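Below is one structure, written out as structure tokens; comments come after it.
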Amino acid sequence: MLKTHACGELRLEHAGQEVTLAGWVHRRRDHGALIFIDLRDREGIVQVVVDAENAPEAHAVADRARAEYVLQVHGRVRARPEGFRNPNLPTGDVEVVAHKVTILNPSKTPPFYIYDDTPVDESLRLKYRYLDLRRQRMQRNLILRHHVVNEIRQYLNAHKFLEIETPLLIKSTPEGARDFVVPSRLHPGKFYALPQSPQQLKQLLMVAGFERYYQIARCLRDEDLRADRQPEFTQLDLEMSFVEQEDILNIIEGLYIHLVEKLLPHKRIKFRPFPRLTYEEAMSRYGSDKPDLRFGMELVDLTDVVAESKFRVFAQTVSQGGQVKGILVPGAANYSRKELEQLESHVKPYGAKGLLWMAFREEGIRSPAAKHLTPGEVQAIRERVQAQTGDLLLIVADQPDVVAAALGNLRLVMGDRLGLRDPNELAFAWVVEFPLLEWDEEEARWVAVHHPFTSPIPEDWALADTDPGKMRAQAYDSVLNGWEVGGGSIRIHRSEEQAKMFELLGITQEQAQAQFGHILEAFQYGAPPHGGIALGIDRLVAIFADETSIREVMAFPKTTSAQDLMLGAPSPISEEQLRELHLAIVLDE
RNA sequence: GGGCCCGUGGUGUAGUUGGUUAACAUACCGGCCUGUCAAGCCGGAGAUCGCGGGUUCAAGUCCCGUCGGGCCCGCCA
């Protein structure tokens with residue numbers, strides 16, 4: 001080894017020891033005959049002192065060193081004199097007096113600062129990702145990620161799970177996200193698909209009798225990107241046999257608690273046990289199937305209160321089967337007209353035609369709707385939302401899905417604005433009883449809300465022929481601070497039920513055979529009852545690391561246009577490669 | 001497919017209603033300096049304002065297009 005100690009590990013107890021260090025020049029302070037170098041490695045930073053009088057050769061080398069040079073330093077650890085200690089540095093009680101300094105490798109001046117985390121244009125960070133990763137923020141995040149994955153393995157191994165790998169080159173299926181596809185050289189005109197998740201394979205592992213499986217699995221989906229969505233991402237994928245929904249939720253709840261207790265002592269779990277909301281409840285109370293439960297400000301239904309109102313906005317909405325709902329923002333009654341108008345921009349993208357407000361001020365109630373409402377209606381609204389003087393009511397009147405999306409989003413914006421979303425609070429929750437199916441207007445057929453292997457709640461099979469939209473799934477989402485961090489279900493394990501499901505989805509027997517024949521057949525050989533879940537590791541770690549984008553917890557993420565700015569991917573391939581793969585490029589006009 | 005925001009020395013920013021040599025901090029280079037830890041002091045070099053076109057006597061500033069980055073809608077079983 002080129003080093004005997006890590007820079008960051010040196011403490012008073014090492015005083016007097018001869019050490020060899022190796023690392024990067026973090027900062028350098030040149031006093032002429034005396035040079036201080038903050039030497040950095042993975043474990044941290046320690047101050048190296050090079051003195052021209054006692055170590056002239058070392059001093060000459062240190063004089064040439066610049067930021068990010070790679071140095072090896074031989075020296076003696078010394079307790080810093082009283083008054084020269086640095087309380088801001090874990091190693092600040094000591095320093096290393098160098099007697100020999102070697103430049104292992106020089107460095108060009110980096111394109112941005114390594115030594116602090118001040119913001120830098122993200123495209124530049126991504127182009128020089130290997131330098132960005134040297135910075136404290138990314139080091140901290142990727143180290144945390146390692147520990148999270150490690151603790152997941154520890155926990156699941158202790159609970160008798162087996163880690164089993166599944167292939168990346170699999171078969172394209174029509175349901176779900178757009179597949180990434182890999183051309184086959186040996187089979188002209190045929191393609192593999194990269195997995196959107198190992199869903200079918202893990203179910204087949206259950207048929208195979210492994211009973212408890214997990215995998216830290218890479219998943220790939222060719223869809224547009226977001227702060228919380230990358231074309232490739234990592235899931236903790238897990239499946240269990242002979243279980244019911246309750247068993248899965250309990251295992252995962254235990255896993256989350258394990259992770260937080262082991263790794264996040266500064267964070268608090270808000271609710272234990274985790275609350276469970278039905279999908280319907282989540283949508284009506286929070287306008288979201290992934291509610292942030294760190295704060296209240298719930299949606300309040302005013303539809304019945306204003307049903308008889310002469311106010312056109314309300315009357316029209318109600319007569320068209322719409323809803324009138326609001327959120328009460330405490331202490332916001334003094335918002336200016338301009339501020340209130342700006343809030344509209346948070347509901348418009350979701351299709352809301354406008355945002356009504358009602359401010360309960362000292363001097364009375366202010367609202368653009370006031371002159372259209374009777375005093376009795378205003379009073380009834382006030383009572384329904386239990387407004388105090390100083391509160392602001394924000395109202396959306398529209399179709400239920402628009403009201404939910406608009407107010408659900410506005411609630412988060414107001415929660416942020418009032419500082420109600422404490423990053424040190426973890427509000428884990430379960431959302432259960434998702435609908436099984438949802439009507440797709442474009443395709444004019446029912447599609448699976450979760451996926452086509454999800455089992456309905458048994459008694460809801462009765463609705464299959466009469467009202468499939470009402471069927472509830474044995475599906476559950478894991479929700480944390482307003483993010484969906486996981487989802488799973490109890491699966492169908494009987495081939496006749498699976499066939500029935502395909503029928504509901506408008507998939508013919510021939511199609512089902514062609515696309516899912518392997519799983520239908522497998523289910524005829526004693527498939528055990530089973531179910532599972534997948535957790536988004538990137539999202540989970542992002543929340544744990546107080547980041548708002550999963551790019552900050554991935555080593556080499558892609559831009560929102562799905563490019564890798566460091567590698568320059570995607571890129572063209574050679575004529576030769578195309579020929580081998582039997583491919584021809586046809587560009588759009 | 002659509003909406004919004006951003007692009008000025010290496011980096012981060014400023015740049016009024018369009019008006020002379022584009023400012024500041026930091027980094028970089030040189031000099032001085034033995035106790036700094038955001039070291040300090042002195043000096044220097046460095047941007048034609050993402051790119052293209054247009055309006056104008058005059059464009060970093062206004063308009064159109066385009067490229068790149070970000071946020072969102074659609075999409076994401």
Side-chain angles (χ1 to χ4, degrees), chain A residues 26-39 45-55 59 66-68 78 80-89 91-92 95 97 108-128 131 173-179 195-197 199-200 219-231 233 345-352 402 405-406 409 413 434 436-438 440 442 446-454 473 475 484 487-489 501 505 507 534 536 548-549 551 558-561 563 565:
Chain A
H26 193 63
R27 305 196 86 145
R28 181 172 159 278
R29 291 174 294 280
D30 185 350
H31 290 230
L34 188 67
I35 296 173
F36 297 97
I37 288 172
D38 290 340
L39 196 68
I45 291 166
V46 72
Q47 173 165 283
V48 174
V49 195
V50 195
D51 181 334
E53 199 168 309
N54 295 321
H59 181 271
R66 292 293 181 272
E68 300 305 310
R78 175 171 80 183
R80 294 205 201 178
E82 206 57 54
F84 295 113
R85 300 192 170 170
N86 184 350
N88 301 320
L89 218 53
T91 61
E95 60 193 0
V97 182
K108 289 170 69 174
T109 302
F112 50 81
Y113 307 124
I114 308 297
Y115 55 76
D116 70 21
D117 284 331
T118 53
V120 174
D121 180 69
E122 194 166 350
S123 59
L124 196 67
R125 291 177 60 201
L126 291 174
K127 181 177 176 191
Y128 296 97
L131 297 179
T173 55
E175 299 286 305
R178 193 178 292 114
D179 282 320
Q196 299 173 25
S197 84
Q199 183 60 37
Q200 297 179 49
C219 303
L220 300 105
R221 297 178 188 177
D222 187 5
E223 298 290 350
D224 286 353
L225 292 83
R226 288 285 191 285
D228 62 350
R229 273 164 39 188
Q230 283 271 309
F233 59 100
S345 67
H346 298 291
V347 299
K348 287 268 173 77
Y350 304 92
V402 172
N409 180 65
V413 171
F434 275 79
L436 184 73
L437 303 168
E438 137 185 87
D440 185 313
E442 266 180 42
W446 293 102
V447 296
V449 168
H450 190 54
H451 58 56
F453 313 106
T454 299
E484 180 199 326
S489 63
M501 184 68 193
L505 296 172
I507 299 171
T548 55
S549 164
R551 292 189 300 276
K558 293 182 176 54
T559 65
T560 37
S561 61
Q563 290 182 280
L565 295 181

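Nothing here was measured: the structure is a model prediction, and the numbers come from that model. Letters go in sequence order (proteins before strands), and every chain restarts at 1.
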When you compare [N] with [M], how far apart are their [atom1] atoms, in angstrom units rounded to a whole number?
{"N": "B/U66", "M": "B/C28", "atom1": "C1'", "result": "34 Å"}
{"N": "B/G15", "M": "B/G70", "atom1": "P", "result": "25 Å"}
{"N": "B/G44", "M": "B/C6", "atom1": "P", "result": "36 Å"}
{"N": "B/C51", "M": "B/G68", "atom1": "P", "result": "15 Å"}
{"N": "B/U61", "M": "B/G50", "atom1": "P", "result": "8 Å"}
{"N": "B/A23", "M": "B/C33", "atom1": "P", "result": "33 Å"}
{"N": "B/A22", "M": "B/G9", "atom1": "P", "result": "14 Å"}
{"N": "B/C62", "M": "B/C76", "atom1": "C1'", "result": "40 Å"}

Taking OP1 and OP2 of [N], is either one under 4.0 Å from a side-chain nitrogen or oxygen of [X]?
{"X": "A/Arg27", "N": "B/U36", "value": "no"}
{"X": "A/Ser561", "N": "B/G69", "value": "yes"}
{"X": "A/Arg551", "N": "B/C71", "value": "yes"}
{"X": "A/Thr109", "N": "B/C28", "value": "no"}
{"X": "A/Arg29", "N": "B/U36", "value": "no"}
{"X": "A/Gln230", "N": "B/C76", "value": "no"}
{"X": "A/Arg125", "N": "B/U11", "value": "no"}

To the nearest Å, give me how far apart [atom1] ([X]) and [atom2] ([N]) are.
{"X": "A/Leu220", "N": "B/C75", "atom1": "CG", "atom2": "P", "answer": "22 Å"}
{"X": "A/Tyr128", "N": "B/G10", "atom1": "OH", "atom2": "P", "answer": "11 Å"}
{"X": "A/Glu438", "N": "B/G74", "atom1": "CD", "atom2": "P", "answer": "12 Å"}
{"X": "A/Asp440", "N": "B/G74", "atom1": "CG", "atom2": "C1'", "answer": "13 Å"}

Considering heavy-atom distances to RNA chain B, does A/Leu124 or A/Asp38 have its closest nucleotide positioned more toward the 5' end?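 Residue closer to the 5' terminus by nearest nucleotide: A/Leu124.
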Taking for each residue the nucleotide of RNA chain B bearing the nearest heavy atom, is the 5' side occupied by A/Phe84 or by A/Gln196?
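First, find each residue's nearest nucleotide; the 5'-ward one identifies A/Phe84.
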_Closer than 3.5 angstrom, by distance alone: can the side chain of A/His59 be matched with the main-chain N or O of A/Gly32 as a donor-acceptor pair?_
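A pair under 3.5 Å: yes.
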Practice task
Give a yes or no on whether the backbone of A/Ala473 and the side-chain of A/Thr454 come within a donor-acceptor separation of less than 3.5 Å.
Solution key: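 Pair absent, no side-chain N/O of A/Thr454 close to backbone of A/Ala473.
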Tell me which nucleotide, if any, is Watson-Crick or G-U wobble paired with B/C62 when both distances must be under 3.5 Å.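 Pairing partner, where one exists within any strand: B/G54.
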**Study point:** Aromatic ring of A/Phe112 stacked on base six-ring of B/U11, 5.5 Å, 30°
**Key:**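 It does not: the two rings, one from A/Phe112 and one from B/U11, miss the stacking criterion.
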Ring-base stacking, A/His31 with B/A39 (5.5 Å, 30° cut-offs)
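So yes, this residue stacks on that base, both cut-offs being met.
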*asked:* Using a distance-only criterion (donor-acceptor N/O pair, under 3.5 Å, no hydrogens), is the base of B/C37 paired with the side chain of A/Arg28?
replied: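 There is none.
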- prompt: What about A/Asp224, does its side chain sit under 3.5 Å from the base of B/G74 through a donor-acceptor pair?
  reply: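 Answer is yes: a donor-acceptor pair is held.
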For this session: Look at A/Arg28 together with A/Asp30 and state whether they make a salt bridge at an N to O cut-off of under 4.0 Å.
Result: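 Between A/Asp30 and A/Arg28 there is a salt bridge, with a charged N closer than 4.0 Å to a carboxylate O.
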Is the shortest side-chain N to carboxylate O distance from A/Glu122 to A/Arg551 below 4.0 Å?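 Salt bridge between A/Glu122 and A/Arg551, a charged N being under 4.0 Å from a carboxylate O: yes.
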Name the nucleic acid region contacted by A/Arg226, choosing base, sugar-phosphate or nothing; use a 4.0 angstrom heavy-atom cut-off, strictly under.
->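 Contact class for A/Arg226: base.
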Which atom names give the shortest non-hydrogen contact between A/Asn88 and A/Asn86, and what distance separates them?
->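 Nearest pair, atom of A/Asn88 first, then A/Asn86: N-OD1, 2.9 Å.
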#### Entry: Name of the residue among A/Gln230, A/Gln196, A/Arg178 meeting side chain to side chain contact (heavy atoms under 4.5 Å, CB included) with A/Arg221
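Answer after filtering A/Gln230, A/Gln196, A/Arg178: A/Gln196.
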